[in-house]
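Take a look at the structure below.
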Amino acid sequence: MGRSLAGYRYQEIAESLRARIAVGDFPPGRLLPSESELSHEHDASRVTVRKALDALREQGLIDSRQGFGWFVAADPLRQTLARLGTLEAQLEESGVKPERKIIEFGFVRAPKVVFEKLHSRTVLQVRRLNLADGAPFARVTVWVPDDLAGELSRAAVERSSFYENLPVAVGSAIQTIGAAAATDDDAALLEVPIGSPVLRCTRLTHDTEGRAVLYSEFVFPAHRTEFVVDLPHVQPSMAPTGLRLVD
């Protein structure tokens, strides 16, 4: 009898979570409460909660990843590295509604790495949160040399990209992508656990004359994005190109 009741209990929990996913309480890609929180919420054992979660995973509704916990299943948003473009444009091409929220906007003394890239002692620093269909997708920080940033306003960079607002024409960029762990601040903004896997990208953008005009840092939750590059020509070595050892 007890075994039968336990069986019904996990089905009840699974159905409750399924209903909440269906009405949008947990959008695609969003983390679910932890197993401990669900156990407390439903007054059930962790074993019963895990069985309910496993059942929903078998149905393709949720998934789990080391360091994240459980989240609503969603196809990762793909970003191509084949051309220089804005984050918002790539999201729109994927059928996703982009949105940006400015968190910080002001002139600061350039951090060491930023000075080495932009050769400017004072820079405009803009920190923002990018959303995809209303869910946190990326924390972005952009630095601009002060002599190019005098006419930039908070409203302008929240409304449109730096590429549209700079007083110079953008020419090319170098982008570097690596793995990292979410800091306390980024975890709070991106709604992921502290220390969970993230992709950290830096981009150094030059104008058509070759001057470095933007330095940007992007942090993405690792379960929500993937980068794609087209490799049209087969080389003798099939290893990925552009690899660099990190100290």
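Note that the numbering runs from 1 along the sequence shown for the chain. FYI, side chains are in, hydrogens and waters are out, and symmetry mates aren't considered; it's all heavy atoms of this structure.
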Val72 vs Leu61, side chain to side chain contact (heavy atoms under 4.5 Å, CB included): CA-CA, chis, key distance, verdict: CA-CA 6 Å; Val72 181; Leu61 292 178; over 6 Å; no
Note, [X] side chain near [Y] side chain (heavy atom, < 4.5 Å):
X      : Y      : result
Arg211 : His206 : no
Val140 : Arg127 : no
Leu214 : Val142 : yes
Cys201 : Phe220 : yes
Arg18  : Leu56  : yes
Glu12  : His42  : no
Arg100 : Leu129 : no
Phe107 : Asp146 : yes

Reported [atom1]-to-[atom2] distance for the pair [X] and [Y], which is rounded to 0.5 angstrom:
X      : Y      : atom1 : atom2 : answer
Phe218 : Asn130 : CZ    : CG    : 8.0 Å
Thr48  : Asp43  : OG1   : CG    : 10.5 Å
Ile103 : Arg128 : CD1   : CZ    : 10.0 Å
Trp70  : Glu35  : CH2   : CD    : 6.5 Å
Asp25  : Arg20  : CG    : CZ    : 5.0 Å
Lys117 : Lys112 : NZ    : NZ    : 10.5 Å

In terms of hydrophobic clustering (I, L, V, M, F, W, Y; side-chain heavy atoms under 4.5 Å; direct or indirect links), are [X] and [Y] co-clustered?
X      : Y      : value
Ile21  : Val49  : yes
Phe26  : Phe71  : no
Val144 : Phe105 : yes
Val168 : Val157 : yes

Within the 3.5 Å criterion, strictly below it, is a donor on Arg46 or Ser36 matched to an acceptor on the partner's side chain? no
Using a 3.5 Å cut-off and no angle test, enumerate the donor-acceptor pairs between side-chain atoms of residues 181-189 and protein atoms at least two apart in sequence or in another chain.
{"residue": "Thr183", "atom": "OG1", "partner": "Asp186", "partner atom": "N", "Å": "3.2"}
{"residue": "Asp186", "atom": "OD1", "partner": "Arg139", "partner atom": "NE", "Å": "2.8"}
{"residue": "Asp186", "atom": "OD2", "partner": "Arg139", "partner atom": "NH2", "Å": "3.1"}

Write down the atom of [X], the atom of [Y], and the distance for their closest heavy-atom approach.
X      : Y      : result
Pro145 : Ala212 : CG-O, 4.2 Å
Gly106 : Leu124 : O-CD1, 3.6 Å
Pro33  : Leu38  : O-CD1, 3.7 Å
Tyr10  : Ala55  : CE1-CB, 4.0 Å

Passes side chain to side chain contact (heavy atoms under 4.5 Å, CB included), Ile177 versus Thr202? Steps please. CA-CA 7 Å; Ile177 304 171; Thr202 60; over 6 Å; no
Has the side chain of Asn165 got a donor or acceptor atom that lies under 3.5 Å from a matching backbone atom of Ser161? yes
Does Glu37 reach the main-chain N or O of Ser34 with its side chain, forming a donor-acceptor pair under 3.5 Å? yes
Check this for me, if you would: do Lys51 and Asp54 make a salt bridge, where the nitrogen-to-carboxylate-oxygen distance has to be below 4.0 angstrom?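 Judged by the 4.0 Å cut-off on N to carboxylate O distance, Lys51 and Asp54 do not form a salt bridge.
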Pair Glu158 + Lys101: basic N to acidic O under 4.0 Å: no
Does the pair Arg57 and Ser64 meet the rule for a side-chain hydrogen bond (donor to acceptor under 3.5 Å, both in side chains), with working shown? CA-CA 8 Å; Arg57 176 164 54 187; Ser64 64; 2.7 Å; yes
Paired with Phe162, the side chain to side chain contact (heavy atoms under 4.5 Å, CB included) test is passed by just one of Thr205, Val213, Val126, Leu148, namely Val126
Begin with the C-alpha distance, continue with both residues' side-chain angles, and end with the deciding distance and a verdict on side chain to side chain contact (heavy atoms under 4.5 Å, CB included) for Leu53 and Leu32. CA-CA 10 Å; Leu53 293 170; Leu32 296 176; 4.2 Å; yes
Checking one residue: Tyr215. Which other hydrophobic residues are in its cluster under the side-chain 4.5 Å linking rule?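 Other cluster members: Val108, Val113, Val114, Leu118, Val123, Trp143, Leu204.
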Near Asp147 CG, under 6.0 Å, is it more than 12 heavy atoms from other residues, nucleotides or ligands?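 More than 12 heavy atoms, drawn from other residues, nucleotides or ligands, come within 6.0 Å of this atom.
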